[in-house]
Structures are given as structure tokens and as C-alpha cells.
Amino acid sequence: MLNNEKIILMTKLSLYEQKNQKKEIKTGKYFKSDYMLIKMLGSFASVTLGYLLCLVLWIIYSSERVLSKMTTTGSFIGMVIMFVILYIGLCTGYMIFSYAFFSHRFRKIRRNLKEYNGDLKTLHRIQEQEYDAIIDELGEEGGEAK
């Protein structure tokens, strides 16, 4: 006999696994601190690489002005300090944004996984009830034959 609740639950679980298997189920294996550390290090590397690429492109674009400022030491040091302050500000802002973003994502993934695990427990309970019903049915049939 078909159990509609079981079929619906199995379909829902299967769709979740197909759609979110790689990112959410694997992420669920991490503690929040480990997940955040990995993501924050990746964000730091990304913002640093992006800043360096933009800085190199700007230096190439305005090489004449940069070379003229290199001749005066005070002006060059001021320019370097400006680049460092800009980097620190950009990096700080991006890291705050990354922390908020990945923290929200982790909470959402945990919420989805909690629902997924609850559905798995419900499915397991339904299957145990069906199994118990089959065992009881077989036991009754065996008792009548004696």
C-alpha cells in the first residue's frame, strides 16, 4: 500500500539533496568558527589580490606622475602612506561585509539542514512504523496456521 506522506517526504528530501548536496550538506560538517575562518581567509586573499591588481594598473596608467613623485622623497612617502591607509580601510570594510554575509549564509544553511534532518527522522519513523506493521501482520498469520 502506498503511503502518500512517505512519498511526499521522500520527494522533498531527494529534491533538497539534488539541489543543495554539494554546498549545504558539506558546509554542515563545519563548526561556525571553522567555516568563518575559511571564508574570511578567502575574502582577505581576494581583497588583497584585487587591491594589488588595481594598484598595479593605476601605477601603469599614471606612471609618469608616479615617477615624478618618486624623485621627491616626501611626496613618495605620502603616496605610499595613502595607499596603505586606503588598503586598510578597504580591507576592513570588505572583511566586515564578508563576516556579515557568511555568518548569515551559515545560519541559513544550518536552518535548512535542521529541517532536512527533521524530515529524515520523520521518514525513518514512518518506515519503522511500516516495518512494525509488517512484522505484526506476519506474526498474526503465523499464529493462525498453528
Side-chain angles (χ1 to χ4, degrees), residues 1-140:
M1 177 163 61
L2 294 177
N3 183 343
N4 286 337
E5 181 184 0
K6 182 179 173 184
I7 293 170
I8 291 169
L9 200 54
M10 289 176 75
T11 304
K12 181 180 174 185
L13 291 169
S14 178
L15 288 173
Y16 178 80
E17 288 171 357
Q18 288 175 359
K19 180 180 174 189
N20 302 316
Q21 177 79 30
K22 293 187 189 260
K23 58 181 177 180
E24 287 191 2
I25 294 176
K26 289 180 182 179
T27 300
K29 296 177 183 177
Y30 291 108
F31 290 109
K32 184 177 181 179
S33 58
D34 296 337
Y35 177 79
M36 293 301 292
L37 178 67
I38 291 168
K39 295 300 184 179
M40 295 299 285
L41 286 174
S43 293
F44 180 75
S46 297
V47 76
T48 301
L49 182 64
Y51 182 78
L52 289 175
L53 287 173
C54 288
L55 185 63
V56 167
L57 287 174
W58 181 81
I59 289 173
I60 291 171
Y61 176 72
S62 57
S63 59
E64 186 176 315
R65 189 169 29 168
V66 172
L67 289 174
S68 69
K69 288 198 179 203
M70 289 179 97
T71 58
T72 58
T73 307
S75 180
F76 181 70
I77 291 175
M79 187 173 64
V80 169
I81 290 173
M82 181 189 68
F83 287 145
V84 170
I85 290 172
L86 182 64
Y87 172 71
I88 290 171
L90 182 68
C91 194
T92 302
Y94 193 77
M95 296 304 280
I96 290 170
F97 172 77
S98 293
Y99 183 83
F101 177 77
F102 289 118
S103 181
H104 172 71
R105 179 184 276 179
F106 187 80
R107 281 192 306 270
K108 182 180 173 187
I109 288 171
R110 282 291 184 173
R111 191 176 331 115
N112 290 344
L113 284 173
K114 192 173 185 179
E115 183 180 334
Y116 173 75
N117 287 331
D119 288 344
L120 281 176
K121 287 178 184 178
T122 303
L123 179 64
H124 183 69
R125 189 177 64 247
I126 291 170
Q127 288 177 332
E128 281 183 342
Q129 289 172 351
E130 288 178 352
Y131 179 74
D132 290 343
I134 291 171
I135 295 297
D136 290 342
E137 195 176 294
L138 289 175
E140 290 175 6

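Numbering starts at 1 and runs along the sequence shown.
- Residues R125 and Q129 have side chains in contact (heavy-atom distance under 4.5 Å, counting atoms from C-beta outward).
- Atom NZ of residue K12 and atom CG of residue L123 lie 11.5 Å apart, to the nearest 0.5 angstrom.
- Across every non-hydrogen atom of Y99 and M36, the tightest pair is CD1-CE, 3.2 Å.
- Atom NZ of K114 has 12 or fewer heavy atoms from other residues, nucleotides or ligands within 6.0 Å.
- Taking CE of M95 as the reference point, atom CG of L41 lies at 7.0 Å (rounded to 0.5 Å).
- If you take CD1 on I96 and OG1 on T92, they are separated by 6.5 Å, rounding to the nearest 0.5 Å.
- Going from atom CD of E128 over to atom CD1 of I135 covers 12.0 Å, rounded to the nearest 0.5 Å.
- Within the model, atoms NZ of K39 and CG of L37 stand 12.0 Å from one another, a figure rounded to the nearest 0.5 Å.
- Counting heavy atoms of neighbouring residues, nucleotides and ligands inside a 6.0 Å radius, atom CZ of F83 exceeds 12 of them.
- Screening D119, L120, N112 for a side-chain contact (heavy atoms from CB on, under 4.5 Å) involving Y116 leaves a single residue, L120.
- Note: F102 and Y35 have perpendicular aromatic rings, judged against thresholds of 30 and 60 degrees for the angle between ring planes.
- The aromatic rings of Y87 and Y51 sit tilted, their planes meeting at an angle between 30° and 60°.
- Here the closest heavy-atom approach between residue T48 and residue F44 is recorded as OG1-O, 2.8 Å.
- If you take CZ on F101 and OG on S43, they are separated by 9.0 Å, rounding to the nearest 0.5 Å.
- For the residue pair K32 and S103, the shortest heavy atom distance occurs at NZ-OG, 3.1 Å.
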